[in-house]
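Keep in mind that the numbers below use all heavy atoms, side chains included, and drop hydrogens, waters and symmetry copies. No experiment lies behind these values; they were computed from the predicted model shown. Each ligand, and each atom within it, is numbered from 1 in the order the structure gives.
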Amino acid sequence: PNAVIYADNAIPIHGVPGTSKERTFIAVKPDGVQRGLISDIIARFERRGYKLVGLKLLVPSKALANEHYADLSKKPFFAGLVDYMTNGKAPVIGMVWEGPAVIKQGRVMLGATDPTAAGPGTIRGDYCLTIGRNICHGSDSAESAEKEIGLWFGGKGEIVNWTANNDEWVVS
Ligand code: ADP
C-alpha cells in the first residue's frame, strides 16, 4: 500500500518491500560453504527467477557477527554462534536477492530454523540436521533485511541495480 516507484538509479540499497524490487539478505554459513552447497543454494533462488544484486565471500569480523546477531546476544548459544561464523575455518557467502515477496519466500525456501522441523524440498530440510549447523541465513522481516543489507553491503557500489533480459517473462 505504501509502495513507492523509484527510478532505477534511486532504489535504496535495501530495496522496496512490497514491490518487485523487494530485497533480502541471504547467507551461506561456513558449514554450507565447507560442504559445497553454495551453488545449490544460489541455483534455487536463480532458477525461481529472483535476481542476484549483491554477492561476496568473506570471513566476517566479530564486530559484524555480533551486530548481525545482536538480538540473540543474551542467548546461551551466542558465543558459539559468533565463533562458528567468524573463526575462519570456512568463509561465509553473503548475498542480496531481489524480487516479489523475496523476504518471506526466502525464509520459506530456507525452511525452519531447526532443521528437524524443516520440510523436504527446503534447503535445510534437504541438507542439514541440527540448529547449530543449519547452513544458511535469511532476513526474517523488512526491518531485518534493511539492517542486514546495510551491515553486509554498506560499501559504495556493492549492490548492483541491473535489468535482466527475461524480466518481462518473470516479473511482469
Ligand atoms: P534464523 O537463522 O532462522 O533467523 P534465529 O534468528 O532464531 O533463526 O537464530 C539465528 C541462528 O542462531 C540460527 O540460524 C542458528 O544458527 C543459531 N541458533 C538458534 N538457536 C540455536 C540453538 N538453540 N542452539 C544453537 N544455535 C542456535
K.L.:
Look at atom 22 (C) of ligand 1 and say which protein heavy atom is nearest, naming residue and atom and giving the distance to 0.1 Å.
P.N.:
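Here the nearest protein heavy atom works out to Phe77 CD2, 3.4 Å.
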K.L.:
I'd like to know if Asp167 and Lys51 make a salt bridge, using a cut-off of under 4.0 Å between side-chain N and carboxylate O.
P.N.:
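Yes, this pair counts.
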K.L.:
For Asp40, what residues pass the side chain to side chain donor-acceptor pair (under 3.5 Å) criterion, not counting sequence neighbours?
P.N.:
Arg44, Tyr127
K.L.:
Which residue owns the protein heavy atom closest to atom 15 (C) of ligand 1, what's the atom, and how far is it?
P.N.:
Ile131 O, 3.3 Å
K.L.:
To check your reading of the model: name the closest protein heavy atom to atom 4 (O) of ligand 1, its residue, and the distance in Å.
P.N.:
Arg107 NH1, 2.7 Å
K.L.:
As an exercise, state the distance from CH2 of Trp97 to CD1 of Ile42, rounded to the nearest 0.5 Å.
P.N.:
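Going from CH2 on Trp97 over to CD1 on Ile42, the span is 6.0 Å.
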K.L.:
Is any side-chain heavy atom of Val33 less than 4.5 Å from a side-chain heavy atom of Ile93?
P.N.:
yes
K.L.:
Please state which part of Arg133 comes within less than 4.0 Å of ligand 1, counting heavy atoms only: side chain, backbone, both or neither.
P.N.:
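No part of Arg133 is near ligand 1 at this cut-off.
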K.L.:
Look only at interatomic distance and state if Tyr69 has a nitrogen or oxygen under 3.5 Å from any nitrogen or oxygen of ligand 1.
P.N.:
no
K.L.:
Look at atom 13 (C) of ligand 1 and say which protein heavy atom is nearest, naming residue and atom and giving the distance to 0.1 Å.
P.N.:
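Here the nearest protein heavy atom works out to Asn134 ND2, 3.6 Å.
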K.L.:
To the nearest 0.1 Å, how far is atom 2 (O) of ligand 1 from its closest protein heavy atom, and which atom is that?
P.N.:
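Here the closest protein heavy atom is Arg124 NH2, 3.6 Å.
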K.L.:
Nearest protein heavy-atom contact for atom 12 (O) of ligand 1: which residue, which atom, what distance?
P.N.:
Leu81 CD2, 3.4 Å
K.L.:
Report the part of Lys75 (side chain from C-beta onward, or backbone N, CA, C, O) that has a heavy atom under 4.0 Å from ligand 1; answer both or neither where that applies.
P.N.:
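Looking at Lys75 and ligand 1, no heavy atom falls under 4.0 Å.
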K.L.:
Is it possible for you to check whether Lys29 lies under 6.0 Å from the centre of the six-membered ring of Tyr84, through NZ or CZ, and within 45° of that ring's axis?
P.N.:
no
K.L.:
Taking heavy atoms and a distance under 4.0 Å, where does Leu72 meet ligand 1: side chain, backbone, both or neither?
P.N.:
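The answer is the side chain.
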K.L.:
Do Glu148 and His137 have side chains that get closer than 4.5 Å, going by heavy atoms?
P.N.:
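Heavy-atom side-chain distance check passes, below 4.5 Å.
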K.L.:
What residues, two or more places apart in sequence or in another chain, satisfy side chain to side chain donor-acceptor pair (under 3.5 Å) together with Gln105?
P.N.:
Arg48
K.L.:
Return the minimal non-hydrogen interatomic distance between Ile131 and Pro115, and the atom names on each side.
P.N.:
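So the minimum-distance heavy-atom pair works out to N-CD, 3.5 Å.
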K.L.:
If you have a sec, work out which protein heavy atom is nearest atom 16 (O) of ligand 1 and how many Å separate them, to one decimal?
P.N.:
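Of the protein heavy atoms, Lys29 NZ, 2.9 Å lies nearest.
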K.L.:
Drop me the distance from Glu98's CD to Leu52's CG, to the nearest 0.5 angstrom.
P.N.:
10.0 Å
K.L.:
What protein heavy atom sits nearest atom 7 (O) of ligand 1, and how far off is it?
P.N.:
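The closest one turns out to be Thr113 CG2, 4.3 Å.
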K.L.:
Does Tyr84 reach ligand 1 with a nitrogen or oxygen that is under 3.5 Å from one of the ligand's nitrogen or oxygen atoms?
P.N.:
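By distance alone, the answer is no.
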